[in-house]
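Numbered from 1 within each chain, the chains take letters A, B, ... in sequence-line order. All values derive from a computational prediction rather than experimental measurement.
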Amino acid sequence: MVEVKICIGTACYVMGGANFLLIKEKLSDKERKKVKLEFVPCLGYCKSGKGKPPFVLINGKIYEKIVDVDALIEIIRENIEK
Amino acid sequence: MLALNNKVNYLKKSLAAELLKLFFEDELHTKINNIPIERAPKFSQPVDCCIFKDRAMVRNKIMALLGINIEKEEDETKDLSFFLEKALKREKVNCPVLTVIDIACHSCEKEHYYVTDLCQGCSARPCESNCPVGAIKVVNGRSVIDQNKCVKCGRCKEMCPYNAIVYKTVPCESNCPVGAISRDPETRKAKIDYDKCIYCGKCTKSCPFGAIMDRSQIIDVAKNLKDGKNMIALVAPSIVGQFPGTVFQMVSALKKVGFSKVYEVAYGADLTSKSEVKEFIEKVKSGEQSMMSNSCCPAWVKTAKKHIPEFSKFVSDTPTPMAFIAQIAKEEVPSSITVFIGPCIAKKFEAIHNADVDYVLTFEELGAFFIARGIEISELSENEFDSPISTGVGRGFPISGGVVEAIKYYVSEICGEEASDELKPFKIDGLNKKNISILKRIAKSENDFNFVEVMACEDGCVGGPGVISNPNLCGRKVESYSKESSVGG
């Protein structure tokens with residue numbers, strides 16, 4: 001199971017994360033079964049200066065500056081295959 | 001046009017947020033000159049050809065964010081702090097609303113068909129034999145197109161079995177619906193002809209180098225907020241779905257930014273619809289004219305005036321939703337400063353010509369304010385709008401077809417349900433070259449409809465050049481917010 005926590009804090013949302021809400025429609029049925037998707041309030045990474053928004057936490061690892069939803073799907077797929 | 005999220009857009013939003021953050025922390029004066037270097041430090045991986053070009057790009061984008069008309073600035077020795085001073089001194093914003101960043105412009109070659117190295121120099125040579133004007137010859141085993149002879153019919157591209165021929169476009173020119181962009185004959189840099197421009201902003205969203213930007217008013221708004229002026233936010237209905245949290249949490253967020261009141265432009269849309277219906281009864285139902293079109297989209301009104309003059313007489317004279325709500329705000333608080341917040345660049349033009357609207361921000365720019373002030377919208381309590389409650393149809397205005405729905409509702413409201421059959425609508429979803437020629441045809445022919453809704457942006461305002469969120473996603477949220485209205489429609 002791939003655990004995906006998508007930050008929907010203001011900064012992440014404005015910098016491109018708004019489109020992450022499309023993710024459920026973009027994953028296939030098969031993929032959706034392997035992914036535990038969660039939209040979470042601000043993870044605090046932007047304020048700590050550790051990278052650039054939008055941030056997504058996947059299986060405990062933080063990914064930064066994911067410019068659009070397709071890039072996020074690619075990362076999730078890589079994690080499914082692992 | 002480019003995808004909604006890309007690196008050009010990202011840079012613009014992040015620079016806006018940084019400028020505002022430094023401004024509110026009283027550090028912008030001392031730090032603004034360093035930003036280009038900090039964004040492209042030595043030994044970093046350049047985005048463009050080198051870090052020096054990257055720094056120049058950042059510098060010019062900051063200038064546009066300060067609202068500077070870059071084409072008019074000849075003196076390259078001036079620091080960014082000079083332009084910041086200039087921006088802070090201005091009392092009013094002016095035209096043009098767009099600016100071309102010459103240093104960013106790629107000087108794209110004229111649109112043309114081009115043979116790539118996928119060409120195998122085959123024996124059949126379908127490109128050569130199907131070219132109607134004999135523009136193709138094989139040189140050194142590869143097809144070459146004589147651009148002076150080529151008539152751009154595209155037969156060669158269709159015929160090539162290797163897909164070796166491509167059509168190379170000029171993104172700003174091909175996305176401009178009215179041919180307002182040309183090239184300077186000497187420098188080949190893009191030039192906007194403001195006699196033709198309709199301020200739709202499609203060029204700003206199509207240039208892959210970000211060479212055309214709207215002149216931002218973030219500094220003007222920030223300065224007045226910091227000075228504690230009485231500011232009223234007028235928020236366009238497409239704001240629903242642009243930010244995390246609910247619409248009513250967003251009202252609280254705007255108050256946290258420093259706005260004393262937040263008015264809903266959807267209520268203005270109700271007033272616009274009512275007035276348009278009265279006009280419809282007077283002009284169309286009476287038989288005085290054959291049809292009518294909406295006036296709420298300033299890019300459409302400009303298109304009719306500049307490019308389809310024969311259609312102009314059919315465009316409604318009713319003030320826009322922004323004009324109605326701004327008038328209310330100024331009447332209630334005459335000393336207030338009004339800021340329209342929406343998805344639209346053409347509204348910047350409209351506002352310059354309307355004394356009731358002082359400034360205009362896009363949703364992207366508002367987002368930069370939220371980031372700069374560290375406001376977590378979804379953690380705030382909910383707050384009501386300070387304007388009267390809008391109807392469902394007023395809230396539905398920003399989606400393609402929304403104006404028609406509102407007009408239909410108010411026709412039956414004013415003239416009784418059976419009258420709604422007399423409204424025969426036709427919709428144009430987005431202004432492009434094809435739809436403009438349809439509108440030209442409509443203006444001169446007899447039609448079986450009598451109300452034409454035109455939205456300059458595809459999908460309606462939710463697809464505007466200043467949005468943050470995906471238009472379909474936002475449209476769905478607009479629809480559900482519209483159903484929640486307690487006052488009908």
Side-chain angles (χ1 to χ4, degrees), chain A residues 3-29 31-32 35-58 62-78, chain B residues 2-18 20-21 39 238-246 249-250 252-254 256-257 343 361-380 462 466-477:
Chain A
E3 247 186 49
V4 181
K5 287 185 177 166
I6 297 174
C7 177
I8 48 161
T10 307
C12 287
Y13 203 89
V14 170
M15 295 309 290
N19 278 4
F20 296 167
L21 298 178
L22 290 168
I23 192 152
K24 280 182 196 156
E25 300 158 33
K26 291 209 164 200
L27 288 172
S28 68
D29 289 344
E31 286 166 333
R32 231 172 297 158
V35 177
K36 192 178 157 228
L37 212 55
E38 210 185 327
F39 291 95
V40 295
C42 179
L43 291 164
Y45 285 93
C46 52
K47 279 151 198 134
S48 70
K50 288 178 197 149
K52 298 258 156 64
F55 293 98
V56 179
L57 199 59
I58 300 173
I62 193 78
Y63 290 82
E64 61 148 346
K65 211 177 171 181
I66 304 172
V67 173
D68 211 345
V69 62
D70 294 321
L72 175 60
I73 286 171
E74 268 318 299
I75 301 171
I76 292 173
R77 281 190 185 136
E78 278 168 27
Chain B
L2 297 170
L4 183 59
N5 291 311
N6 59 69
K7 292 196 172 177
V8 163
N9 203 23
Y10 190 96
L11 176 65
K12 180 177 137 195
K13 286 191 278 192
S14 76
L15 283 174
E18 185 175 358
L20 289 170
K21 188 164 189 284
R39 291 293 180 125
S238 47
I239 198 158
V240 180
Q242 294 296 328
F243 295 99
T246 66
Q249 284 177 310
M250 197 271 315
S252 306
L254 282 161
K256 250 190 135 180
V257 165
L361 294 180
T362 62
F363 295 137
E364 283 184 337
E365 290 164 338
L366 177 63
F369 274 88
F370 290 148
I371 296 174
R373 311 251 56 191
I375 295 170
E376 280 311 323
I377 306 168
S378 52
E379 290 171 9
L380 301 175
V462 293
V467 302
I468 286 169
S469 183
N470 172 284
N472 294 328
L473 209 64
C474 180
R476 271 179 261 161
K477 288 197 176 172

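Highest contact tally toward chain A, considering only B/Phe370, B/Phe363, B/Phe243, is held by B/Phe243 [criterion: heavy-atom pairs under 4.5 Å]. Here A/Pro53 is the residue among A/Pro53, A/Ala71, A/Gly17 with the most heavy-atom pairs under 4.5 Å with chain B.
Heavy atoms of B/Asn6 lying under 4.5 Å from chain A belong exclusively to its backbone. Contacts of A/Lys47 with chain B are made by side-chain atoms alone, with heavy-atom separations under 4.5 Å and no backbone atom involved. Of the two parts of B/Ile375, only the backbone, made up of N, CA, C and O, holds a non-hydrogen atom closer than 4.5 Å to a non-hydrogen atom of chain A.
Distance check: B/Ile377 CD1 to A/Ile8 CD1 gives 10.5 Å after rounding to the nearest 0.5 Å. How far CG of A/Asn19 is from CG of B/Leu4: 5.5 Å, rounded to the nearest 0.5 Å.
Between B/Lys13 and A/Val14 the shortest heavy-atom distance is NZ-O, 2.8 Å. Heavy-atom minimum distance, B/Gly241 versus A/Tyr13: O-OH, 3.8 Å.
Residue A/Thr10 is tested with B/Glu379, B/Arg373, B/Glu376 for a side chain to side chain contact (heavy atoms under 4.5 Å, CB included); the sole match is B/Glu376.
The shortest side-chain heavy-atom distance between B/Lys477 and A/Leu21 falls under the 4.5 Å cut-off.
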